[in-house]
Amino acid sequence: MSEKALEQYLVRQAAKHNHLCFKWVSPAQRGVPDRILIAPTGTITFIELKNPEGTGKLSPLQEVVIGKLTAHQCDVRVLSSKEGVDALFA
């Protein structure tokens, strides 16, 4: 399964569980997570997806951005499997 297929799976699971799942593109700030997941309760989770075959890793810039988000008490997840996606909705 490719990273693109994993992202499509995340979007389908989000819709199935009545979550919003927005693609995050920030031209002025590189390194932001791929998706913003918003639960029906208002809980927000930032999601960075990586290649399920295990070849993907966080870039140094992604690590810095994720560190800033977590320092602001944000929930950030790095996912690389269907099981990881499923755990979000368990």
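What you are looking at is a predicted structure, and each value in this text was computed from that prediction instead of being measured. Atom set for the values below is all heavy atoms of this structure, side chains included, hydrogens, waters and symmetry mates excluded.
- Checking R30, E48, K57 one by one against Q62, the side-chain hydrogen bond (donor to acceptor under 3.5 Å, both in side chains) holds for a single residue, E48.
- With sequence neighbours left out, L20 forms a side chain to side chain contact (heavy atoms under 4.5 Å, CB included) with F22, I38.
- Legend: ring-ring contact (aromatic ring centres under 6.0 Å, His included) pairs involving residues 28-51, not counting sequence neighbours, sorted by first then second residue: W24-F46.
- Grouped by direct or indirect side-chain proximity (heavy atoms under 4.5 Å, Ile/Leu/Val/Met/Phe/Trp/Tyr only), V25 sits alone.
- Scored by the salt bridge (Lys or Arg N to Asp or Glu O under 4.0 Å) test, D75 finds R77 as partners (sequence neighbours excluded).
- S2 meets the side-chain hydrogen bond (donor to acceptor under 3.5 Å, both in side chains) test with no other residue; sequence neighbours excluded.
- Among residues two or more places apart in sequence or in another chain, the side-chain hydrogen bond (donor to acceptor under 3.5 Å, both in side chains) test is passed with E7 by K23, R35.
- For S81, the side chain to side chain contact (heavy atoms under 4.5 Å, CB included) partners are E83, not counting sequence neighbours.
- Scanning for side chain to side chain contact (heavy atoms under 4.5 Å, CB included) contacts around V65 gives Q29, V32, P33, L61, L69, with sequence neighbours left out.
- Residues passing the side-chain hydrogen bond (donor to acceptor under 3.5 Å, both in side chains) test with S26: none are found, sequence neighbours excluded.
- Within the structure, side-chain hydrogen bond (donor to acceptor under 3.5 Å, both in side chains) contacts touching residues 9-19 (residues at least two apart or in different chains) are Y9-D86.
- Among pairs with a residue in residues 55-75, none fulfils ring-ring contact (aromatic ring centres under 6.0 Å, His included), at least two apart in sequence or across chains.
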